Visitor: 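Have a look at this one.
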There are 2 protein chains.
Amino acid sequence: MPHQKLIERLLAVSRLSNGEQKALVGLPYAVRNLADGDIVVHQGDRASCCTVLMTGFLSRQRVISDRNQISAFYVPGDIPDLHGLHVPTMDHDLCSTGPSTIATVSHVVLRQVLEDFPALGYALWGETVIQAAIYRNWVENLGARAALPRVAHLLCELATRLQQVGLATGGRMNLPFTQADFADACGLSTVHVNRTIQELRRRRLIDWQSQTLELLERAELESIAEFNPDYVLGRSKLAPDQSPLRLG
Amino acid sequence: MPHQKLIERLLAVSRLSNGEQKALVGLPYAVRNLADGDIVVHQGDRASCCTVLMTGFLSRQRVISDRNQISAFYVPGDIPDLHGLHVPTMDHDLCSTGPSTIATVSHVVLRQVLEDFPALGYALWGETVIQAAIYRNWVENLGARAALPRVAHLLCELATRLQQVGLATGGRMNLPFTQADFADACGLSTVHVNRTIQELRRRRLIDWQSQTLELLERAELESIAEFNPDYVLGRSKLAPDQSPLRLG
DNA sequence: CGCAGGATTGAGCCCCATCAAACCCAGTGG
DNA sequence: CCACTGGGTTTGATGGGGCTCAATCCTGCG
């Protein structure tokens, strides 16, 4: 696994021995550069390798009743098609938003390493668990929140995830998303996303121009969005200080 | 793991040796009976065991901006809190809808077995992968579909999942859900869910009365909902006949 | 028989979608 | 240097799908 941030994140949730870490780091991979709009994996493709996002952003999308619905955003360190190990057919497009670079790791090789080091499989399972928690939060976001808190929640989630991999400091980050991307993710029209963002600006909660987003009042934004970062970080609310789990 | 259907489902996705199967079946567990509305796990609880649903239905829910949002339904054979192995704090209520029975398996014991039989961990990881796919489909459902196809999609999903564990034959199944439950899951008001269901009845697509649901025109219903069962079954569209995966 | 929870119906309204046009700005090429 | 272009953003006007409120009906049950 090529990405240092991924390693760190795995260590934050699962404890790994030196040998296990080395096995991860030593995995052979191929690097690919992508331009804005490039499609990494097409809906219907059979995956024979996993993708690790190194820089930039990917989004998972698919046309649902004439709408392009985005069901996930990925930030550096994420493995968007980790589930491909289990269910090899992709049922979405995986698309680069802005330029990005990815590394691909062969399923065959990865499976071999997982067999040799079962704790690594357990750690990657934990990644799937966190991705699932993020999906759940999107379900709640789309199902229950009005436009303003909905957009705010997505902003908070992205900020937290970017912060986790060192790509957001002081609430500032580089975001190549268009308002249309946000609309596709939030189940809103671009027009309404635009008005919602204007409202967030008017309240001086965010500053977003030329691909740079700054969260000005993090606390208030999180309050409006009812956002709690724990699910992103795989943390337990009641025991933030507990040591990482380890199989066995 | 007490539930035969769970075992079968695990076998459908991952190949397990006799020893592995025996280890699963031999896991010690405690049975609990639940009444309608009973809460199995409260939001904020720290889990020390996993829950296997044996009969009945559970729903995962949580109040989001004054709405009770349901983010998942569980059918017999499901393990609603499998993620608790990795992130022990539950951030939702797990609630019985209608009467149900569950079995609980201690995390400590389960972890030991997973250490002894890594392939079992891989198989359970596959369960998490499928759950995640279901969440993704909910995201799409809530984000992109109008009321009618949205409700239809949920009906198709439940039918497919129940069919898989032998609880729906010929499109007929027992469903203890109220229209309000459906409203909470679909992000709609009860009033509108009611009108939507009436429309489905008027079109002779479903028959739903006194807790019994029958899908009358499965094909047309799936077409309206743009429903494809593969994600529920962990199947690959392009190779439905391929043999199950196995680690290594 | 009376009650309570669920299903149903009606009326009014609002949030957000849709349509359409204008605006801004960074390239790009003449 | 500037006209041209195209993608993204912004604004206005209009309409509809679904929400809210409130009343009624239905049905199983003590």
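These figures come from a predicted structure and were not determined experimentally.
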Visitor: Side chain of A/Arg145, backbone of B/Ile64: donor and acceptor closer than 3.5 Å?
Guide: no
Visitor: Tell me the interatomic distance from B/Gln209, atom CD, to C/dG6, atom C1', rounded to whole angstroms.
Guide: 15 Å
Visitor: Take atom CH2 of B/Trp208 and atom C1' of C/dA7, then tell me their distance rounded to the nearest Å.
Guide: 12 Å
Visitor: Could you walk me through whether A/Glu217 and A/Arg204 pass the salt bridge (Lys or Arg N to Asp or Glu O under 4.0 Å) check?
Guide: CA-CA 8 Å; A/Glu217 297 290 341; A/Arg204 308 207 177 288; over 6 Å; no
Visitor: Check whether any side-chain N or O of B/Gln198 sits under 4.0 Å from OP1 or OP2 of C/dT9, and answer yes or no.
Guide: yes
Visitor: Has the side chain of A/Thr97 got a donor or acceptor atom that lies under 3.5 Å from a matching backbone atom of A/Gly37?
Guide: no
Visitor: For B/Glu199 and C/dT8, give me the distance from atom CD to atom P, rounded to whole Å.
Guide: 14 Å
Visitor: Which one, C/dG6, C/dG10, C/dC16, comes nearest to the side chain of B/Val191?
Guide: C/dG10
Visitor: What is the separation between atom CG on B/Leu200 and atom P on C/dA7, rounded to the nearest whole Å?
Guide: 15 Å
Visitor: For B/Phe182, which residues count as a ring-ring contact (aromatic ring centres under 6.0 Å, His included) partner, sequence neighbours excluded?
Guide: B/Trp208
Visitor: Closer than 3.5 angstrom, by distance alone: can the side chain of A/Asp93 be matched with the main-chain N or O of A/His42 as a donor-acceptor pair?
Guide: no
Visitor: Nearest of C/dC19, C/dT8, C/dA11 to any side-chain atom of B/Asn194?
Guide: C/dT8
Visitor: Let me know the distance between CG of B/Asp181 and C1' of C/dG6, rounded to the nearest Å.
Guide: 11 Å
Visitor: Is A/Ser189 touching bases, backbone alone, or none of the nucleic acid, heavy atoms closer than 4.0 Å?
Guide: base
Visitor: Choose from C/dC16, C/dT18, C/dG6 the nucleotide whose nearest atom is closest to any side-chain atom of A/Leu188.
Guide: C/dC16
Visitor: Tell me what A/Gly37 touches on the nucleic acid: a base, only sugar-phosphate, or nothing, going by heavy atoms under 4.0 Å.
Guide: nothing
Visitor: Mind checking whether A/Phe177 and A/Phe57 have ring centres under 6.0 Å apart?
Guide: yes
Visitor: Closest-nucleotide mapping onto DNA chain C: is A/Val193 or B/Arg201 further toward the 5' terminus? I mean the 5' end.
Guide: B/Arg201
Visitor: Using whole Å, what does the distance between atom C1' of nucleotide C/dA17 and atom CG of A/Asn68 come to?
Guide: 17 Å
Visitor: B/Ile197 has an atom CD1; how far is it from atom P of C/dA7, in whole Å?
Guide: 8 Å
Visitor: Short question: side chain of A/Ser223, backbone of A/Ala219 - any donor-acceptor pair under 3.5 Å?
Guide: no
Visitor: Going 5' to 3' along DNA chain D, between which two nucleotides do contacts with chain B fall, using a heavy-atom cut-off of 4.0 Å?
Guide: D/dG18 to D/dC21
Visitor: From NE2 of A/His192 over to P of C/dC19, roughly how many Å is that when rounded to an integer?
Guide: 17 Å
Visitor: Tell me which of A/Arg67 and B/Arg195 sits closer to the 5' end of DNA chain C, going by the nucleotide each one is nearest to.
Guide: B/Arg195
